[in-house]
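Letters go in sequence order (proteins before strands), and every chain restarts at 1.
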2 protein chains.
Amino acid sequence: MISVDAFDLKILTALQDDGRLTNQELADLAGLSASQCSRRRMRLEEEKVISGYHADLSSEALGFGVIAFIQVGLATHSPDNSKRFRALVNRIDEIQEAYSLTGDADYVLKAVLRDLKGLSNLVNDVLMPHQSVAHVRSSIVLDRLKESAKLPLRELKAG
Amino acid sequence: MISVDAFDLKILTALQDDGRLTNQELADLAGLSASQCSRRRMRLEEEKVISGYHADLSSEALGFGVIAFIQVGLATHSPDNSKRFRALVNRIDEIQEAYSLTGDADYVLKAVLRDLKGLSNLVNDVLMPHQSVAHVRSSIVLDRLKESAKLPLRELKAG
DNA sequence: TCCCGTTTGCACGCTCCTTGCGTGTCTTAT
DNA sequence: ATAAGACACGCAAGGAGCGTGCAAACGGGA
């Protein structure tokens, strides 16, 4: 079992905020020496508690003006059809997130696009015509209140 | 205006995949020298094209078993009420993403929780009773096909 | 109390980062 | 056509950061 103590939590919280922190900076934040932070960080990476590090790019600066949520209903719920749909989703870079949900729709996709033409293209020329898909309904994001991938570690106690 | 050339795109693409890449590794990938990659990276950070670096933590390893999408309708659409709701969303760490959308609901939230009890607590004890909120409908994620925050830089041409 | 496994801080050799500098290229004005 | 300026490049050097070895400190069980 993976055990994460209070020091690990401080390190994880800090790296979640800034993935380029120096071991010395981590040490100052966590109250440890730099070498120890290095060792703990390596262990957390080894155990896949830290699954990776990523640069966060500005969609505005790079000209991605449209975010959309797309609800998709499948034509049939056969394993084959699901597989086809998953393969489709995986090869479309514009789809950042994809989930199957309880409730109305079979799947919800979150897509990032350059403009509405890009959304139209994705919905009408890629998703709709695909054999696995029965119906599609898209909602455009008007305002982004919050967008991060940070886990709420605050409440976690050492284990 | 921010200009991003083909070298910058290679650097951004690489850092989006691995935010801890060495300047030398970037150099090998982009076909530049390490010092030049350092300079370009600093410029991209300065211009906020790179808005930050983050460690990606494993929700499974840390015991977050539930992801939910929560559709929220506001009681009124007055500016005051919106403001109250936004403040609420901002101070709840379990809410990773929050958007206002076209279509049925006013807002959609994505929340990460330890278990269903955590979701129940968020929906019934925090969101529902809040004065700004009229109705709430939550959908639980059954399966995560894809989850990243990578922008589809593939298609971008130098500008 | 003693023992053993674990965790820690420190020191050191090695890698990596950044800045200064000289060179080559492209653009613009004469 | 040519001179001058701006820009991006690679190289080299000095300084910062990284990870491993090691000995000391700590903590739980016999």
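Without hydrogens or angle criteria, B/S51 side chain to A/S58 main chain gives no donor-acceptor distance under 3.5 Å. A donor-acceptor contact shorter than 3.5 Å is absent between the side chain of A/H54 and the backbone of B/D18.
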Go along nucleotides 15-25 of chain D 5' to 3' and tag each nucleotide: B for a protein heavy atom under 4.0 Å from its base, S when only backbone or sugar atoms are that close, - otherwise.
--SSBBB----
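For the pair A/L44 CG and C/dT7 P, the interatomic distance rounds to 12 Å; values are reported in whole Å. Nucleotide C/dT7 holds its P atom 12 Å from the CZ atom of A/F7, rounded to whole Å. A straight line from CG of B/D28 to P of C/dC16 spans 10 Å, rounded to a whole angstrom. Whole-Å rounding puts the A/L26 CG to C/dG9 P distance at 13 Å. Here C/dT19 presents its C1' atom at 17 Å from CZ of B/R40, a figure rounded to the nearest Å.
The cationic atom of A/R144 (NZ for Lys, CZ for Arg) does not lie both less than 6.0 Å from the six-membered ring centre of B/Y99 and within 45° of the ring axis.
Here the closest heavy-atom approach between residue A/Y107 and residue A/S82 is recorded as OH-OG, 4.0 Å.
Within the 4.5 Å cutoff, the side chain of B/D106 has no heavy atoms near those of the B/V72 side chain. At least one side-chain heavy atom of B/R84 sits less than 4.5 Å from a side-chain heavy atom of B/H130.
Taking 4.0 angstrom as the limit, B/R43 places none of its side-chain polar atoms (N or O) nearer than this to OP1 or OP2 of D/dA8. Side-chain N/O atoms of A/Q36 include one lying less than 4.0 angstrom from OP1 or OP2 on C/dT8.
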